[in-house]
Peer 1: 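The structure is given below, and queries will be raised subsequently.
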Amino acid sequence: MTNPSLNHLLADLNEPQRRAVECPGGPLLVLAGAGSGKTRVLTHRIAFLIAAQGVKPHEILAITFTNKAANEMKDRVETLLGPIARTMWVSTFHAACARILRKEAQLLGYQRNFTIYDAGDQVRVVKQCLKELGLDPKRFPPKGIHAVISSAKNRLIDAEAFSGMVENFFDDTVSSVYTIYQKKLFANNAMDFDDLLLRTVDLFMRFPDRLEHYQRSFRQILVDEYQDTNHAQYMLINLLARDHRNVCVVGDDDQSIYSWRGADVRNILDFEKDYPEAEVIKLEQNYRSTQVILSAANEVISNNSERKAKKLWTDLGEGEPIRVTEVDDEHGEARFVAGEISRLEQKENFRPGEIAVFYRVNAQSRVLEDMLIRYGIPYRIIGGTKFYERAEIKDALAYLLMVDNPNDSVSFTRVVNSPKRGIGTASVAALTRFAESGGYSMLEAAAKSEEIADLRPAAVNALTVFSGQMQELTAIAADAPVAEILEEILTNTGYLEALSAERTVEAEGRIENLQELVGVAEEYDSLHAEGSLQEFLQEISLYTDIDKPEAPGEAITLMTLHNAKGLEFPVVFIIGAEEGVFPHSRSLEEQNLDEERRLCYVGMTRARKRLYFTYTTTRNLYGSRNYNMASRFIGELPVDLVEFERSRPAGGRFARGVGGSMSGRDLYNDNFDEQCDIAEERSDAPSFFNVGDKVIHATFGEGLITGVEPGGTVAVRFAADGSERKLMVDYAPLRKA
């Protein structure tokens, strides 16, 4: 019988949560489904260990992945137990290891006051190594080299071991850098973030007495988000828990989506192999979403073969069907999303802050951002930057501005050393002085750089080459379409080559964004036969300089699916649900479909009340237009929980069907055309725009539809000035009043 004084620690817990909290010592695996209250279980278990099982606070090691989560856990336990909880070890992996190494570093030859190098410091050291080896940083970008070293360390592969695994010239170069890099860190009494894990595991493997000391110190070990641990973190935890085996791990294999960061889902899947005596408790009651959303998510994730089976359920009610909408292209998709957001706000009283749009890659946000601006809908981007504010996009546009206006000194300064050409701030300052004294533009001064005494020969050569490149590009721009000019810039300046050489996930994302900008230019060229670079830049400035609509602390949220983990919203749109987009083509090539499906599951279970999927029949992404099939994940949705519809341009029909009349499998098998025709015959849904509809334009105000033409064009008479304008609804910020 539970002590009455402990009732507050068990109150309001469901039965599986209570079993997890009360579980005695030994290994415990808590499989916490999305929205099932895992943080509550962790904090209450810690409190229960202290209050009911006699564990002292300083004997508890609780590991989380972020400082924010660690602080939240400390605060919650302190609320339950009071100030006694402050002596617990609750921290991130890196913070815990740093704390251990501050005491033990001398055993490894370091001083206790070792410096921890941040990301910038690490890259600078790699640059020094490349210089010592006489290697060109353009051919071997320091960030890319460091990314490989970091990955090796997270797999507990030191420089010596890495040298024995070399398979190609690039690996051999990394091995040489890795060896010098580690010597430099040691000579500077410094460690990088990855060393904190690597050196702590090394300490425990080389000095068993120190391992035994910390095993005794930490009688209870608890790990949050165990599905996201890498090999070094896995080894650290299992070394500490090897003897007493009092380890509680909490996580959800269905939400393991960070393999590209080194996370290994096998760590949680194989927990029962590591600890055959482990108790396994599943948390399946969800406190976030409707049953329709959960049942659909359960069905999708069940298609993964290697997983711990779970069935999320809720007592929050069935809820609305999931809406799956087919649109013609990315503009129709953006228009549908913007229009539906406006309807949800006006008709159903959802606030902008309650709505989120998820996409697979950052480049997808561009068209949507354009449309939201046109509709006057405020938005914010989480974990990223607005498309036209991204550094690589600003660089590309600066090049275009220089081609259009060679006298633009601001654009010159931005791109003269991007990509890196060895033209530093001192060289630019000398060039500026020369330009100002001689009355030259910066580009003209660059062409005369051999006359500047303050410049080193290498800088003179780089500036001469740069000015020559810009002259060639200006000549090409005289009669070339904008997309061709942009592609020449990205190729001839070495910008794309430099990004490709980095070999990092971040660099791949930047390349995708630049390819998307090429797509913007191609779109402009196709719509403006007599267009010009100057007009294109002016049009772009409307997106970059326009006054963004503001609301009192309210804006819809845009983010990638990876950034959505851990969040929740009443309304969620998942856009771009197409084969090759989501699931991503790269994941299909690498046979990593299971993780893509887990990503879909994560996205779906962020939604509390409404969930939308959209897909296009054709999409211009990364500068090329493709014809797409609906994502297989749409095909895996239960047909009785989904409302399928097609959003067509103005003048067309808006076909809709629910349940058995249209199936996700049929969508995936490309039979949607015939089914939409069937639904259309019996549907009384109105055209998207019809003659007589009252509409609102973000710029021209209220108006009346006076005509609808094929191809998505409508005629509107506006009340403010009586003018009548023809507008393409794919591009105009037009919505029903």
Side-chain angles (χ1 to χ4, degrees), residues 138 366 385-449 452 455 459-499 510-511 513-521 524-525 531-546 623:
K138 295 176 185 175
R366 197 270 307 173
T385 308
K386 293 182 178 182
F387 185 80
Y388 289 108
E389 294 174 5
R390 291 169 183 152
E392 63 276 10
I393 301 301
K394 283 188 156 187
D395 285 349
L397 292 176
Y399 271 112
L400 287 173
L401 286 163
M402 274 196 66
V403 167
D404 181 57
N405 174 19
N407 294 324
D408 184 350
S409 61
V410 173
S411 294
F412 176 95
T413 303
R414 180 175 185 92
V415 300
V416 68
N417 201 40
S418 186
K420 301 295 184 185
R421 298 183 175 91
I423 304 172
T425 54
S427 298
V428 173
L431 190 70
T432 302
R433 290 192 297 270
F434 178 79
E436 290 174 348
S437 63
Y440 304 119
S441 71
M442 292 291 282
L443 190 58
E444 289 171 337
K448 298 175 178 290
S449 56
I452 307 174
L455 289 178
V460 170
N461 180 64
L463 285 166
T464 302
V465 171
F466 176 70
S467 65
Q469 288 176 333
M470 295 310 301
Q471 289 173 12
E472 291 175 9
L473 290 167
T474 301
I476 291 170
D479 56 3
V482 178
E484 184 178 323
I485 300 168
L486 181 55
E487 287 179 322
E488 288 287 341
I489 286 171
L490 296 175
T491 302
N492 291 352
T493 62
Y495 201 101
L496 280 180
E497 182 183 4
L499 285 175
R510 294 187 184 106
I511 291 171
N513 291 334
L514 289 167
Q515 291 170 335
E516 178 65 13
L517 184 62
V518 172
V520 176
Y524 171 84
D525 291 335
S532 67
L533 174 58
Q534 189 174 80
E535 290 177 356
F536 171 77
L537 290 168
Q538 179 176 308
E539 187 169 298
I540 291 295
S541 72
L542 296 177
Y543 300 129
T544 56
D545 296 335
I546 192 170

Peer 1: Would a 4.5 Å heavy-atom cut-off, applied to side chains only, mark S411 and Y399 as touching?
Peer 2: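 Side chain of S411 against side chain of Y399, heavy atoms only: no contact under 4.5 Å found.
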
Peer 1: For the residue pair Y495 and V415, establish whether any side-chain heavy-atom pair is separated by less than 4.5 Å.
Peer 2: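 No, every pair of side-chain atoms sits at 4.5 Å or beyond.
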
Peer 1: Please name all residues satisfying side chain to side chain contact (heavy atoms under 4.5 Å, CB included) with E535, sequence neighbours left out, ordered by chain then number.
Peer 2: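 E535 satisfies side chain to side chain contact (heavy atoms under 4.5 Å, CB included) with Y524, S532 only.
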
Peer 1: Could you note down all residue pairs passing ring-ring contact (aromatic ring centres under 6.0 Å, His included) where residues 401-429 supplies at least one of them, sequence neighbours left out?
Peer 2: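 Counting only pairs at least two positions apart or across chains, the ring-ring contact (aromatic ring centres under 6.0 Å, His included) contacts touching residues 401-429 are F412-F466.
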
Peer 1: Below 4.5 Å, heavy atoms only, C-beta onward: do L496 and I511 meet side chain to side chain?
Peer 2: yes

Peer 1: Restricting to non-hydrogen atoms, name the atom on P406 and the atom on L443 that form the minimum distance, rounded to 0.1 Å.
Peer 2: O-CB, 3.8 Å

Peer 1: Measuring from atom CG of L431 to atom OG1 of T413, what distance do you get when rounded to the nearest 0.5 angstrom?
Peer 2: 8.5 Å

Peer 1: When rounded to the nearest 0.5 angstrom, what distance separates CD1 in I393 from CZ in R510?
Peer 2: 11.0 Å

Peer 1: Which value, rounded to the nearest 0.5 Å, describes the distance between L463 atom CG and I452 atom CD1?
Peer 2: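 Here the rounded value is 7.0 Å.
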
Peer 1: Looking at N513 and E392, would you say the former's side chain and the latter's main chain have a donor-acceptor pair under 3.5 Å?
Peer 2: no

Peer 1: Nearest 0.5 Å please: distance from the CD atom of E487 over to the CG atom of L514.
Peer 2: 11.5 Å

Peer 1: Could you tell me which non-hydrogen atom of A435 sits nearest to which non-hydrogen atom of S441, and how far apart they are?
Peer 2: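 Smallest interatomic distance, heavy atoms only, reads CB-O, 4.1 Å.
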
Peer 1: Compare every heavy atom of A391 with every heavy atom of R414, then report the nearest pair and how far apart it is.
Peer 2: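 Closest pair (atom of R414, atom of A391, distance): NH2-O, 3.3 Å.
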
Peer 1: How about T493 and L473: do any of their side-chain heavy atoms sit closer than 4.5 Å?
Peer 2: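 T493 vs L473: side chains touch.
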
Peer 1: How close do A459 and S427 get, heavy atom to heavy atom, and via which atoms?
Peer 2: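 Scanning both residues, the minimum pair turns out to be CB-OG, 3.6 Å.
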
Peer 1: Check whether any side-chain heavy atom of V482 sits under 4.5 Å from a side-chain heavy atom of L537, and report yes or no.
Peer 2: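 Sidechains of L537 and V482: no contact.
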
Peer 1: Do you know which two heavy atoms are closest between V520 and F536, and how far apart they sit?
Peer 2: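 Heavy-atom minimum between the residues: CG1-CE1, 4.0 Å.
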
Peer 1: Quick one: CE on M470 to CE on M442, what's the gap to the nearest 0.5 Å?
Peer 2: 13.0 Å

Peer 1: Quick one: ring-ring contact (aromatic ring centres under 6.0 Å, His included) pairs with a partner in residues 413-448, sequence neighbours left out?
Peer 2: F434-Y440

Peer 1: If you round to the nearest 0.5 Å, how far is CD of Q534 from CG of L401?
Peer 2: 10.5 Å

Peer 1: Given side chains that start at C-beta, do those of V416 and M402 come closer than 4.5 Å, heavy atoms only?
Peer 2: no

Peer 1: Can you list the steps and then say if L486 with L400 is a side-chain contact (heavy atoms from CB on, under 4.5 Å)?
Peer 2: CA-CA 7 Å; L486 181 55; L400 287 173; 4.2 Å; yes

Peer 1: Which heavy atom of Y388 sits nearest to which heavy atom of L517, and what is that distance?
Peer 2: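 Taking every non-hydrogen atom into account, CE2-CD1, 4.3 Å.
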
Peer 1: Any heavy-atom pair between the side chains of K420 and S418 that's under 4.5 Å?
Peer 2: no

